[in-house]
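The next block holds one structure in the form of structure tokens; read it before the comments.
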There are 2 protein chains.
Amino acid sequence: MLRMPPGRVRRVIRQAVRGRPRRVRLDNDQRRAQLLALARAAFSDRAYDDVSIDDIAREAKISKGLLYHYFPTKRDLYVAGLREIAADLVQAVTSVPPNLAPIDQARAGLDAYLDHITRHARAYVSLMRGGIGSDPEVAEVVEGVRTQLADTFVKDQPFAPLLAGNARFETTVRGWIGFVEHATIDWCVHQRMSRDDLRELLVEILFGIMKAALPPVFRPTLS
Amino acid sequence: MLRMPPGRVRRVIRQAVRGRPRRVRLDNDQRRAQLLALARAAFSDRAYDDVSIDDIAREAKISKGLLYHYFPTKRDLYVAGLREIAADLVQAVTSVPPNLAPIDQARAGLDAYLDHITRHARAYVSLMRGGIGSDPEVAEVVEGVRTQLADTFVKDQPFAPLLAGNARFETTVRGWIGFVEHATIDWCVHQRMSRDDLRELLVEILFGIMKAALPPVFRPTLS
DNA sequence: TCAACTATTGACTTATGGTCAATACGGACG
DNA sequence: CGTCCGTATTGACCATAAGTCAATAGTTGA
């Protein structure tokens, strides 16, 4: 196999060449941001195992060694990208105008959720399908998103204070999140209904489920 | 590195040793079954990447080459094991006594589901978390389980014939499956309630959700 | 005893994640 | 202008694990 000459020798060679490609130096933050962006793109449209570190290094026009200087393992790079994707989604959903009526709050949140997902479908799938099975850090990110979304949708609802810590209620909230995820993915795949119809369905289900999960005593409180 | 002597030479050596381990020959089906069992066990308690083909070959006391004779890739081995796990789960849920009242049918199915899961928790997690992110065959298996379970729980219900093909209904069914999965996983992790309480919650939610998903005209039909 | 069939082997290749000592670039300072 | 120093950058190298294949050993029947 052909082996590149060592650095010093090569420099001489390159200096003899007109218009040689100068080595590009970026500062820490710029380089890190560039690599993260490339990683997000790569991991969003290929499976984890189908993305090689060499690919990303090549796209960034840097050596693999430098990439490892910024992200000590492939997993770290992946998780860092995933965290950004997760943060974007949570950001989109939580930055909905406050002081709406409870049901409109939910509507607005779900609108933001569906909107964000349609605009970043691949990233969403790579987030929720959890590219690496059973990696604790990945699981932590995904769980974090679920918890934050659950909080967002439930905390301002009238029934929430009555039920904090109630096992049935907590389980139901988690379940509703599962409902939303699966219904959304199904919707992405099959396109069976309009986005507005889906949003209304999810809102109705949210209130319907919560009513069903309440201990009977509290039910009159609701509607 | 020490290199093993070629077969013929080694045979002579072995023959000189008292009680040498004879090479074990199994027929095709036995060997395949053995490897599948080992694979299921391995992939159930370690992540896909943490299971090496050499490990499994070592456990089976065979060479790696032979393993590749039975399963042409690691993925094939993994998927074959996954299919078995999936079939077991579906089998458990569908083999519930027929001719029960609709709500008891659902109850019995969910009982079987939760029972099977508690007895095969690791396999269930490795199934649902989808060990390999975004592998089409894996996705197909998981989707297949969901579809079959959904059919099982919905096909005998009184509202089903009214709604076949209805987009809202189909989406809701998928969502309910998501609800069940997430609530179940949450229950496995936190152990916040008894299995019976969870089962009752899931049944109530199933009927509550379906009612909410029905177009208003049909609702009186139900309760 | 031999031939044919098939289960089995293990050395080899290849791909890729990860390491590290050496190097090039740019600025500060005399 | 030179030269020292900090840091971004390199590329050869290593280690591991997936996957290949020609050769071998055990079995069965004539």
Side-chain angles (χ1 to χ4, degrees), chain A residues 1-15 20-35 39 42-43 46-79 132 135, chain B residues 1-15 20-35 39 42-43 46-79 132 135:
Chain A
M1 177 167 119
L2 189 78
R3 228 162 238 185
M4 284 278 111
R8 176 163 293 165
V9 178
R10 184 151 114 267
R11 182 187 182 193
V12 173
I13 294 174
R14 279 190 166 171
Q15 282 179 338
R20 76 178 193 279
R22 288 179 63 97
R23 190 185 267 190
V24 181
R25 268 172 89 103
L26 297 183
D27 69 27
N28 220 291
D29 291 347
Q30 289 176 320
R31 186 61 84 191
R32 199 185 153 83
Q34 176 207 22
L35 294 177
F43 288 122
R46 281 130 71 203
Y48 182 79
D49 287 334
D50 294 339
V51 175
S52 83
I53 286 295
D54 299 81
D55 287 343
I56 295 183
R58 201 176 312 117
E59 285 172 38
K61 296 192 169 64
I62 61 171
S63 72
K64 182 162 60 168
L66 184 57
L67 205 164
Y68 275 96
H69 172 72
Y70 286 90
F71 297 93
T73 71
K74 182 182 179 184
R75 226 161 238 218
D76 283 300
L77 178 59
Y78 175 77
V79 171
I132 312 179
D135 176 272
Chain B
M1 173 168 121
L2 189 77
R3 229 163 237 182
M4 283 278 112
R8 176 163 293 165
V9 177
R10 185 153 113 268
R11 181 186 182 195
V12 173
I13 293 174
R14 280 190 165 172
Q15 282 179 338
R20 75 178 193 279
R22 289 179 63 97
R23 190 185 266 189
V24 180
R25 268 171 90 102
L26 296 182
D27 69 28
N28 219 291
D29 290 347
Q30 288 176 320
R31 186 63 84 192
R32 197 183 154 84
Q34 176 206 22
L35 295 177
F43 287 123
R46 280 128 72 202
Y48 182 80
D49 287 335
D50 294 340
V51 175
S52 84
I53 287 295
D54 299 81
D55 287 345
I56 296 183
R58 201 175 313 118
E59 285 173 36
K61 295 192 169 67
I62 61 170
S63 72
K64 183 162 59 170
L66 184 58
L67 204 163
Y68 275 97
H69 172 71
Y70 286 91
F71 298 94
T73 72
K74 182 182 178 183
R75 224 162 242 217
D76 282 299
L77 178 59
Y78 175 78
V79 170
I132 311 179
D135 176 273

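Any value given below was found using the heavy atoms of this structure, including those in side chains, with hydrogens, waters and symmetry copies removed. In what follows, every chain begins at residue 1, and chains take the letters A, B, ... in the order their sequences are listed.
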Could you check whether any side-chain heavy atom of [X] comes within less than 4.5 Å of a side-chain heavy atom of [Y], counting everything from C-beta outward?
{"X": "Val24(B)", "Y": "Lys61(B)", "answer": "no"}
{"X": "Asp29(B)", "Y": "Arg32(B)", "answer": "no"}
{"X": "Arg75(A)", "Y": "Asp49(B)", "answer": "yes"}

Exercise. What is the ring orientation for Tyr78(B) with Phe43(B), classed by angle as parallel under 30°, tilted 30 to 60°, or perpendicular over 60°?
Worked result: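 Rings of Tyr78(B) and Phe43(B): perpendicular, over 60°.
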Taking N or O atoms only and anything under 3.5 Å, show me the protein contacts with nucleotides 15-18 of chain C, one pair per line.
| unit_1 | atom_1 | unit_2 | atom_2 | d |
| --- | --- | --- | --- | --- |
| dG17(C) | OP1 | Lys74(A) | NZ | 3.1 |
| dG17(C) | OP2 | Ile53(A) | N | 2.9 |
| dG17(C) | N7 | Lys64(A) | NZ | 3.3 |
| dG18(C) | OP2 | Tyr68(A) | OH | 3.2 |
| dG18(C) | OP2 | Lys74(A) | N | 2.7 |
| dG18(C) | N7 | Lys64(A) | NZ | 3.4 |
| dG18(C) | O6 | Lys64(A) | NZ | 2.9 |

Exercise. If you round to the nearest 0.5 Å, how far is NZ of Lys64(B) from CG of Asp55(B)?
Worked result: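 One finds 11.0 Å between CG of Asp55(B) and NZ of Lys64(B).
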Exercise. Could you state the interatomic distance from NZ (Lys74(A)) to CD1 (Ile56(A)), rounded to the nearest 0.5 Å?
Worked result: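 Interatomic distance, Lys74(A) NZ to Ile56(A) CD1, rounded to 0.5 Å: 8.0 Å.
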Nearest-Å distance, [atom1] ([X]) to [atom2] ([N])?
{"X": "Arg58(A)", "N": "dG11(D)", "atom1": "CZ", "atom2": "P", "value": "13 Å"}
{"X": "Asp50(A)", "N": "dA18(D)", "atom1": "CG", "atom2": "C1'", "value": "14 Å"}
{"X": "Ile62(B)", "N": "dA7(C)", "atom1": "CD1", "atom2": "C1'", "value": "10 Å"}
{"X": "Leu35(B)", "N": "dA7(C)", "atom1": "CG", "atom2": "P", "value": "13 Å"}

I'd like a list of close polar pairs between nucleotides 6-8 of chain D and the protein, N/O only, cut-off under 3.5 Å.
| unit_1 | atom_1 | unit_2 | atom_2 | d |
| --- | --- | --- | --- | --- |
| dT7(D) | O2 | Arg25(A) | NH2 | 3.2 |
| dA8(D) | O4' | Arg25(A) | NH2 | 3.3 |
| dA8(D) | O3' | Leu26(A) | O | 3.3 |

Problem set entry | Closest approach of Leu35(B) to Ala60(B) (non-hydrogen atoms, all atoms of both residues) |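 Looking at all heavy atoms of both residues, the shortest contact is CD2-CB, 3.7 Å.
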Exercise. Only one of Leu77(B), Ile53(B), Asp76(B) forms a side chain to side chain contact (heavy atoms under 4.5 Å, CB included) with Tyr68(B), so which one is it?
Worked result: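 For Tyr68(B), the side chain to side chain contact (heavy atoms under 4.5 Å, CB included) test succeeds with only one of Leu77(B), Ile53(B), Asp76(B), which is Ile53(B).
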